[in-house]
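Contents: one structure, followed by commentary.
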Amino acid sequence: MTTYNSMELMICLAARYLEDGATVVVGTGAPCAAAMLAQKLHAPGLVVMFEAGGMGPLLPTMPISVGDSRTFWRGISASSMTEIMELCQRGMVDYTFLGGAQIDQYGNINSTQIGPRDLPPRVRFPGSGGANDLASLCWRTMMITPQDQRRFVPRLDFMTSPGYLHGPGAREAAGLPPGTGPYKVITQLAVFGFDEATKRMRVESLHPGVDLAQVQDNAGFTLLVAPQLPVSMPPSAEELALLRREVDPYRYVIGRN
Amino acid sequence: MTTYNSMELMICLAARYLEDGATVVVGTGAPCAAAMLAQKLHAPGLVVMFEAGGMGPLLPTMPISVGDSRTFWRGISASSMTEIMELCQRGMVDYTFLGGAQIDQYGNINSTQIGPRDLPPRVRFPGSGGANDLASLCWRTMMITPQDQRRFVPRLDFMTSPGYLHGPGAREAAGLPPGTGPYKVITQLAVFGFDEATKRMRVESLHPGVDLAQVQDNAGFTLLVAPQLPVSMPPSAEELALLRREVDPYRYVIGRN
Amino acid sequence: MPRGELLVTPEPDAMREWFRQKPKQLVPKVTTVKTAVASWVHDGEYLAVGGFGTNRIPTALLHEIVRQGRRGLGLSGHTATHDFQILAAGPCIDRVDVAYVLGLEARGLSPSARRLCEGGLLRLTEWTNAALAWRYRAAAMGVPFLPARVMLGTDTWEHSAAKEIQCPFTGMRLAALPALSPDVGLIHVHEADVYGNCRIEGISVADADLARAARRVIISAERLIPHEEIRREPTRTIIPYFCVDAVVEVPGGCYPGNMPYEYFSDEEHLQEWLEAERTPETLRAFLEKYIFGVEDFAGYLDRCGGRSRLQQLRRVELMLVQESEGMRR
Amino acid sequence: MPRGELLVTPEPDAMREWFRQKPKQLVPKVTTVKTAVASWVHDGEYLAVGGFGTNRIPTALLHEIVRQGRRGLGLSGHTATHDFQILAAGPCIDRVDVAYVLGLEARGLSPSARRLCEGGLLRLTEWTNAALAWRYRAAAMGVPFLPARVMLGTDTWEHSAAKEIQCPFTGMRLAALPALSPDVGLIHVHEADVYGNCRIEGISVADADLARAARRVIISAERLIPHEEIRREPTRTIIPYFCVDAVVEVPGGCYPGNMPYEYFSDEEHLQEWLEAERTPETLRAFLEKYIFGVEDFAGYLDRCGGRSRLQQLRRVELMLVQESEGMRR
């Protein structure tokens, strides 16, 4: 039996959602690793883009920055930030990945600050960057994140990027494009989706050796549970081999487990 | 004494208004000839632009089209229509030249149609093209045009491009940028400016051998007259030589007199 | 208060669904002019043409639309001159968002285009060149409109389908220009790969935005280049492949127009066009000779003097010969 | 209802007057970093920096701003990371339109930037990367705002200074983003001529719009090229000279950032920066060594390993060596 760490598992799970011929705007780290892995497996035609302008590179290595020269190495275009964001705004981008310090049951994300909203913040994080834009404009938002009670919170200290806001219809009412929103959240414990009717987060598969109580214990809000609750398919030997040898040979990401 | 035709006179008069270091968007024909002549005389640093994207070319010959390859030959940039129009919109362009079938006392111009406004038009002309844009956005609009009662009309059949609309303050009230508007009109008979207070057209100089009655007879509205009414300075030998030898050697424009 | 007809309604959400479905795979899209037009241009649709007037226009595609007898087309007429003239000769079009059509700039007005307009055979909505360019830009940005400071106060405004808005920050009165998403964009470029990644040399006019605004895009290219060449210099890609539905290689495909750095316009032939339009009968004979009576665009080029004519126009473009040598009236 | 502070008010008419006065003559603008910053960047002004994060940033200009002790600057923080870090070390800034500052992406958060923010020493208004890019675009277009579909519904929206508008065509609810005209734009490019015509290779981020939006623009360039070379390929000019007020030639001017096709980022030195920031004292010593204690940027480069270090980073950029060879933690 193959052994793997949580980060490897999360990346492999994420990669499987990226189908051939889809478009995805990624940042650095795990999302980029997932996209690169998907390209080497089932999705050679996955179009990877970066918010600073890189479009369809033949990624030679993992970028350090979403604007570094790897992000358009042998790309089909070295464009601009508005070019990428306008691609998203007119509906051409299927997926994006976000990170953050906090997430709530509707998939809203905080990457701005911890503490009360009045300035100065107790802890200041980088802020939205392009996260709010991508969460607003791409069709499906995914998240790869460690999960615990501090991160899965009942109420965000600051809502940087929109999930389903406060529930069904709220995105559309706010003016965000219809049919968009959070899609999957992948943690070290489980894969989550969002309930169609309530737009609340729900457990969709449990990682090997994890039980539902453990998942709920690591969330600060009540999780919905899918009717079927399979075990998350662990990484195959092929997935792991490609991830370790070709995607992240220096273990920049998978070494952070 | 040098002899010259009306077109040559009009071009030379127009060229003198284009100072060194100014920016001007021109079309083909007389305005382009005026700009080229100015560059060869007192304004080597006159920046000539064309609405399709040509910027600062070393014009080798007169363009046939405002989008042909001469309009950006050895240019400082071969840009786009929005680039040029946005330059105008943010206030970077000093002058433009318009043409048209009719002009009224406020310098409003018709290049769209003759006959009542209900479709179909009795005579249809090309339409605005970029004329309305340039007349709206450039600081000063000039016109080189033959003058007669059919062209200088009390009421346009169709107002394609804005002059001072219906008088003082009307441009600003309509939403057009403050401080812009018609500057000079140059015909085969006279040079016209616009009265500061009323924004109405006024005769500012009479061409050699032309009297005021003749100018008024060839206008369908009452002309104001400047306090000083000098004779328009005829083309110098140097101006004519450059115009004929270097600007328009094949007499495309000056042969149309 | 503008009362022109809004020929194409801005629908960002519907366009989002369209663009979502548009394939993003790198699949070869090279086809023939005949197949491209047959597959992607249908009666009644709304077209927009790249280039400007007689410059870098997709003449080969436009001839084929006439040859296949398309009817009831709409057109975005931001300085569409020879392109409008060709479609008017069909006549393939019945409605136009018009900024500048009919005239061939200094060359004069097109009689057949005038007959269409003055005969009441066209529905016309007035705009300006900048307004139409910004309308493509709005669609390319995925927003329903853009603000601008043009058209205001004129009859152009009254006969447009723009709307007035007030700036929420400054209180300024502004024109709101509705996003324009043509059904089909037809663009002639210098170089394309088989997937549709494109390069343009010289002014791009409004084509970067048009390629992003249109539902479908047909590219004609002076020449195909290897995909690897696109990837070697990604800075030069002005149209990415996923905007493009079909690619055709047509050397000389802009003739009798001016293709920058390649060949100058054929002023004699453009003059022949204008003269042929004097009556419907002479036009008919002209079209028979040059469009209906030839198999394809290569046949047209042959009848116009073929390779040696293009070679001559190339010399004019590069200024290796005096342009007066038979190039202008 | 957004209640963030609008740090720069859109004033299209005032900007029109400014741009009207801006010289359009082709006059040489080459100067030194020291003179450019002394002449064109003043206490209290609002800056915007080209590039993205650690990529194609004008490090030499930023160091000089710190060295000359500018105070009270405002900053547009659309993914400003090492640039923000440098200005925060001054500290030169007291207000930020913030989309992404503080972090150096995967490299971690900047302690001195955090001290500024968390110590309440900065006025912050929230935006997003796209919002700031579109705000430059609005200013570049000469309109007071642009509509967009971002930020809506979030706290980012509440703490921004955007406004809500309704589309006059569709009724859609939209964000109105106010035009942003910085006092000074600082942009590092690959090539410029002495007048300020510029070329950028690779992604342009938001710099085409920034150069058109800013009142004053200082260009640092890896190298000067002849004016004739600009005119030989006008298609490649991304910034025309009349937007530019000063040009400085600084080979390696983006170090320790990544200059595409030229040199990769120096991850070791960026790490040294982050570590030096742990306390104000270690930061002071670091700044003394690398900024205050050197005459100019060349002195900084020398202390960082000089030509041989840049040569090594060039090899990494071109992937002639394994990037693990000392380039990353």
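Letters A, B, ... mirror the listed sequences (proteins, then strands); counts begin at 1.
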- Item | Exercise: identify the closest heavy-atom pair between B/F158 and C/T156 | CE2-N, 3.6 Å

- Check against salt bridge (Lys or Arg N to Asp or Glu O under 4.0 Å), C/E267 and C/R107: CA-CA 9 Å; C/E267 294 300 317; C/R107 303 173 190 96; 2.7 Å; yes

- Do you know which of C/N129, C/T128, C/T54 has the most heavy-atom pairs under 4.5 Å to chain B? C/N129

- Message: Ignoring hydrogens, what is the shortest heavy-atom contact between B/L165 and B/P162? Give both atom names and the distance.
- Response: CD2-CB, 3.8 Å

- Pair count under 4.5 Å, heavy atoms only, with chain C: among B/E51, B/Q89, B/M85, highest is B/Q89

- Which region of C/A148, side chain (C-beta onward) or backbone (N, CA, C, O), has a non-hydrogen atom less than 4.5 Å from a non-hydrogen atom of chain B, or is it both or neither? both

- Message: If I measure from the heavy atoms of chain B, does C/M172 come under 4.5 Å with its side chain, its backbone, both, or neither?
- Response: neither

- Item | Contacting region of C/R114 [heavy-atom separation from chain B under 4.5 Å] | side chain

- Query: Which bit of C/V205 comes within less than 4.5 Å of chain B, counting heavy atoms only: side chain, backbone, both or neither?
  - Reply: both

- Among B/T28, B/V66, B/T112, which has the most heavy-atom pairs under 4.5 Å with chain C? B/V66

- Considering all heavy atoms of both residues, which atom of C/L180 and which atom of C/S76 are nearest to each other, and what is their separation? CD2-OG, 3.9 Å

- Part of C/L174 within contact of chain B (heavy atom distance under 4.5 Å): neither

- Contacting region of C/S204 [heavy-atom separation from chain B under 4.5 Å]: both

- Under a 4.0 Å N-O cut-off, is there an ion pair linking B/R244 with B/E8? yes

- Note on the structure: If you tally heavy-atom pairs under 4.5 Å between each of C/H78, C/M151, C/M259, C/E158 and chain B, the highest tally belongs to C/M151

- C/E164 versus chain B, heavy atoms under 4.5 Å apart: side chain, backbone, both or neither? neither

- chain C shares the most heavy-atom pairs under 4.5 Å, among B/S80, B/G127, B/G54, with B/S80

- chain C: which of B/G99, B/S136, B/G130, B/A52 shares the most heavy-atom pairs with it under 4.5 Å? B/A52

- Which of the residues B/R122, B/E86, B/R171 is involved in the greatest number of heavy-atom pairs with chain C at under 4.5 angstrom? B/E86

- Side chain, backbone, both or neither of C/W157 within contact of chain B (heavy atoms, under 4.5 Å): neither

- Item | Candidate pair B/E83 and C/R137, rule salt bridge (Lys or Arg N to Asp or Glu O under 4.0 Å), full reasoning | CA-CA 12 Å; B/E83 170 81 24; C/R137 166 79 62 82; over 6 Å; no

- Message: Please classify the contact between C/N258 and chain B as side chain, backbone, both or neither, with a heavy-atom cut-off of under 4.5 Å.
- Response: side chain

- Query: With a 4.5 angstrom heavy-atom cut-off, which part of C/R56 approaches chain B: side chain, backbone, both or neither?
  - Reply: neither

- Item | Exercise: identify the closest heavy-atom pair between C/I203 and B/G53 | CG2-C, 3.3 Å

- Message: Assess whether a salt bridge exists between B/R150 and B/D148, defined as any Lys/Arg side-chain N lying under 4.0 Å from an Asp/Glu carboxylate O.
- Response: yes

- Message: Ring centres under 6.0 Å, that's the criterion: do B/F50 and C/F52 meet it?
- Response: no

- Task: For the pair C/H269 and C/W273, name the ring-plane relationship: parallel under 30°, tilted 30 to 60°, perpendicular over 60°.
- Result: perpendicular

